[in-house]
Amino acid sequence: MTGKERREKVRGLAILGYKILRHVSACHSTLALMLRLRDEARGIRQGDTQAEFRSNSLRTEHLAASPTSLTAKALSINRNHVRSAMATTSPTTAATAAVMGEAEAAAVHFTLLDYMLFVLMLVVSLGIGIVSAFKNRHNVSTQEYLVGNRKMSPVAVGLSLLGGWVSAVSILGNATEVYFYGTQLVTSLLGCIPASILVVTVILPLLYELRIISINEYIELRYNSATLRKLMTLCVLFTNYFFMGVCLYTPSLALTTVTSLPSWAATLIMGSVCTIYITIGGVKAVVYTDVMQTLLMFGGVLAVVVTCCQDLGGLGNVWTIAQRGGRISFFDMNTSIFERHTFLSTFVLGFYVFLNNVGFNPIMFQRFAAVSTVQSAVRLSVFFLFGMAALWIVFFLSGLVAYASYADCDPLTAGLIQKPDQIIPFLVTDRLSRFSGLVGIFVAAVYSGVLSTVSSCANSVACVFWEDFLKPRPYFSKFSDAKATNVVKLISAVSGVVAIMLGLLVEEMGNIFVVAYSVCGAVVGPMTGVYLTGIFAPWVTVKGATMGFFVSLVFNLWVVIGKLARGGGSPSMLPLSTAGCLAPLMNTTLPDVLPTTSYITTLLNTTATAVASETLDEGTVYDISYCYLGIAGVVITMVVSTLTSLLAGPTKPDSLRKGVVSPTCLKVYTWVWSRLHGHQDDDKRKEARHLSV
């Protein structure tokens with residue numbers, strides 16, 4: 001036996017001994033507590049109400065004295081149902097329920113190292129903003145503040161693209177989707193491929209060569225309408241503000257699971273840090289903090305996946321357990337448009353999401369505009385495709401790992417968590433707390449997603465507001481660069497404050513916020529349709545584009561509000577098991593312990609145009625899978641705008657500005673126009689000669 005093998009053997013024995021000691025200690029404490037509560041339960045059976053009172057007081061005092069009492073309180077709603085069901089069965093079961101109450105108080109919290117790592121992430125983010133502001137204190141211009149004078153590093157901008165798009169909603173939501181509904185959503189990545197080809201060959205080169213900063217400026221150049229441009233800008237602001245609010249609130253679930261910090265405080269702290277560094281540092285601060293935060297996101301979730309895979313015996317075992325539980329599904333060829341997730345529906349969803357978020361997203365376009373050449377912008381788009389796929393696969397794997405860990409004892413059914421989207425934070429605190437600092441790294445990774453997304457959104461909102469609303473006005477157009485930059489900084493600060501306020505309102509407003517956020521999503525499809533129509537349909541006029549937008553918007557709002565009004569709850573989850581839990585949990589019926597899906601979970605299942613709530617009845621427009629609604633908005637916009645323009649009179653080819661439509665489409669349209677109108681001109685000339693004779 002070599003020295004290395006001896007060291008590995010000694011290390012393995014030490015770890016085994018440590019685990020045995022932990023389990024023995026835990027069993028001893030639990031046994032002592034059960035014996036004590038058993039004696040009190042006997043007193044209850046004998047009618048000793050004073051003993052019952054003492055038992056309840058003992059548990060109440062213990063929870064109040066525990067530093068984890070706030071977390072226990074936060075997770076106690078559904079467990080109260082469990083204990084009530086247990087208490088009505090037998091005193092022994094009631095005693096075990098009391099043990100569960102004591103276990104709540106023993107929940108895992110941040111260690112000193114966890115706090116240090118988490119705070120370090122915040123300090124570094126602030127530091128990058130301060131350094132960026134100091135280095136560029138003499139280069140005061142809106143071009144510098146908003147797009148870095150178009151000279152930023154492509155590598156940094158590429159990582160910023162990923163960080164700005166992949167939010168905490170993606171980290172928690174994708175894993176939750178796989179855990180409860182399976183892997184079919186993974187095939188949406190395949191739909192991104194044809195969309196990326198369309199973006200890099202036509203859309204991105206065309207928009208970049210116009211040398212614009214705000215993508216909404218394209219609307220005015222193409223349709224020659226400042227009114228339609230402002231309408232698109234209002235839609236961008238409306239949707240981005242609500243999205244920032246959701247992004248700030250969602251990860252508070254992770255932080256409140258491991259600390260005593262209430263969700264409102266977590267939202268306030270994160271929002272304040274983000275607002276400070278985007279205000280003083282501009283786009284450079286956003287991009288360079290995104291680099292750090294993106295790497296932390298990927299590394300933090302990957303560490304969780306790798307560690308859990310090792311504990312479960314490797315990725316092969318994880319896959320086998322997930323397959324046995326019905327979680328593995330990639331090629332469901334059901335063609336019904338009412339089925340929530342099939343291969344076709346997720347493929348269409350991936351195509352739409354990539355087209356919308358990379359082709360016509362103001363945040364993304366601001367990053368593309370920050371590099372020096374169109375070739376660099378195209379390479380960034382390709383990099384984003386592969387980077388997004390890598391991140392999403394890691395997030396999906398975390399959901400599979402979570403399912404494999406709890407295949408026999410689902411925490412949601414057992415009442416250990418209240419909401420489905422708490423499954424990954426629970427996994428980290430339950431299985432990985434033995435590794436000092438890993439919980440802090442994971443929570444820092446989640447909040448890196450928050451900071452990167454919110455900072456990108458807020459900076460983009462400031463860009464759009466200045467370029468589309470203020471700069472064209474005579475009063476603001478006369479501002480010097482220094483004065484204009486100060487105005488943009490003020491807009492950034494106000495945007496951050498508004499995002500914080502909306503984040504604080506998410507929890508309080510509940511379903512009202514779901515309605516508002518869903519309505520925001522219903523706007524995105526028609527907006528994408530207006531941009532796409534402008535590039536590929538040269539004949540469409542401003543009247544046609546406006547009509548197409550509103551018809552598509554009305555359709556989407558009708559479907560979304562109809563879904564919400566009809567209700568129907570959340571989509572049916574795949575089977576969950578509690579066979580490996582304690583016996584008292586198995587005696588509790590599912591309705592007693594299964595919580596109603598929260599509105600934030602509904603948002604996690606929302607993509608672009610509608611919440612993912614599905615009704616049980618099929619066959620109406622309200623039952624169409626949410627995967628199709630985004631692309632439906634695009635198609636309706638293009639069809640209606642085309643019909644309206646043809647009926648009212650199409651755009652003349654020579655009236656279009658240079659470079660605002662696809663060259664191929666313009667060439668074809670010009671040929672068709674000349675053929676049609678050439679014959680008309682010949683007829684007019686013949687008629688004139690006939691009259692002269």
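- Not one N or O on the side chain of Thr528 forms a donor-acceptor pair closer than 3.5 Å with the backbone of Asn356.
- Minimum interatomic distance between Gln184 and Phe331 (heavy atoms only, all atoms of both residues): OE1-N, 3.8 Å.
- Note on ring orientation: taking the six-membered ring where Trp is involved, the planes of Phe426 and Tyr406 are tilted (angle from 30° to 60°).
- No side-chain heavy atom of Ile337 sits under 4.5 Å from any side-chain heavy atom of Ser345.
- Distance CZ/Phe351 to CG/Leu355: 5.5 Å, rounded to 0.5 Å.
- Checking side-chain atoms of Ser160 against main-chain N and O of Ala156 turns up no donor-acceptor pair under 3.5 Å.
- No donor-acceptor pair under 3.5 Å is formed between the side chain of Arg324 and the backbone N or O of Ala322.
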field: From CA spacing to verdict: side chain to side chain contact (heavy atoms under 4.5 Å, CB included), Arg367, Asp290
entry: CA-CA 12 Å; Arg367 298 296 179 275; Asp290 281 352; 4.2 Å; yes
query: Is there a side chain to side chain contact (heavy atoms under 4.5 Å, CB included) between Tyr181 and Arg327 once you walk through the steps?
result: CA-CA 7 Å; Tyr181 305 107; Arg327 262 59 186 176; over 6 Å; no
message: Using side chain to side chain contact (heavy atoms under 4.5 Å, CB included), reason through Phe360 and Ile203 one step at a time and then give a plain yes or no.
response: CA-CA 9 Å; Phe360 304 110; Ile203 297 172; 3.6 Å; yes
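- A pairwise comparison of heavy atoms in Ile321 and Ala407 identifies CG2-CB, 3.7 Å as the closest pair.
- Side-chain contact check for Thr307 versus Leu438: some heavy-atom pair is nearer than 4.5 Å.
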Tabulate below the donor-acceptor pairs under 3.5 Å that side-chain atoms of residues 377-385 make, not counting sequence neighbours, or state none.
none

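- Looking at every heavy atom in both residues, Leu574 comes nearest to Gly182 through CD1-N, 3.7 Å.
- When all heavy atoms of Ala579 and Ser577 are compared, the closest pair comes out as N-OG, 3.1 Å.
- Side-chain atoms of Thr294 come within 3.5 Å of backbone N or O of Leu159 as a donor-acceptor pair.
- Separating the OG atom in Ser625 from the CD atom in Glu339 is a distance of 8.5 Å, to the nearest 0.5 Å.
- Within 6.0 Å of CZ on Phe386 lie no more than 12 heavy atoms contributed by other residues, nucleotides or ligands.
- A donor-acceptor pair under 3.5 Å is absent between the side-chain atoms of Thr346 and the main chain of His341, judged by distance alone.
- Checked by atom type and distance alone, the side chain of Asn317 pairs as donor or acceptor with a backbone atom of Leu312 at under 3.5 Å.
- Between the Arg431 side chain and the Ser405 main chain, a donor and an acceptor come within less than 3.5 Å of each other.
- Separating the CG atom in Asp430 from the CD1 atom in Ile423 is a distance of 9.0 Å, to the nearest 0.5 Å.
- In terms of modelled atom types and a separation under 3.5 Å, the side chain of Thr578 and the main chain of Cys581 share no donor-acceptor contact.
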message: side chain to side chain contact (heavy atoms under 4.5 Å, CB included) for Ser188 and Phe347? Distances and angles first, verdict last.
response: CA-CA 5 Å; Ser188 62; Phe347 187 91; over 6 Å; no
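- Between Cys192 and Val353 the shortest side-chain heavy-atom distance does not fall below 4.5 Å.
- Residues Leu190 and Phe343 come closest through the heavy atom pair CD1-CE1, 3.8 Å.
- Between the CD1 atom of Ile328 and the OG1 atom of Thr183 there is a distance of 4.5 Å, given to the nearest 0.5 Å.
- For the pair Tyr277 and Ile128, the minimum side-chain heavy-atom distance is 4.5 Å or more.
- Taking both residues in full, the closest heavy atoms of Ala175 and Ile424 are given as CB-CG1, 3.4 Å, listed atom of the first, atom of the second, then distance.
- Salt bridge status for Asp311 with Arg434: present, with a side-chain N to carboxylate O gap under 4.0 Å.
- Residues Asp332 and Ser329 bring no donor and acceptor atom of their side chains to less than 3.5 Å of each other.
- The backbone N or O of Ser456 sits nowhere less than 3.5 Å from a side-chain atom of Ser460 that would complete a donor-acceptor pair.
- Residues Ile193 and Phe354 form no side-chain contact, since every pair of their non-hydrogen atoms from C-beta on lies 4.5 Å or further apart.
- Looking only at side-chain heavy atoms (C-beta outward), Leu397 and Leu315 come within less than 4.5 Å of each other.
- In this structure, Phe395 CZ and Phe298 CZ are separated by 8.5 Å, a value rounded to the nearest 0.5 Å.
- Side chains of Asp410 and Tyr179: a donor on one and an acceptor on the other come within 3.5 Å.
- Between Val428 and Val443 the shortest side-chain heavy-atom distance does not fall below 4.5 Å.
- Side-chain contact between Phe180 and Leu412 is present, with at least one heavy-atom pair separated by less than 4.5 Å.
- Here the CG atom belonging to Leu576 is positioned 7.5 Å from the OH atom belonging to Tyr403, to the nearest 0.5 angstrom.
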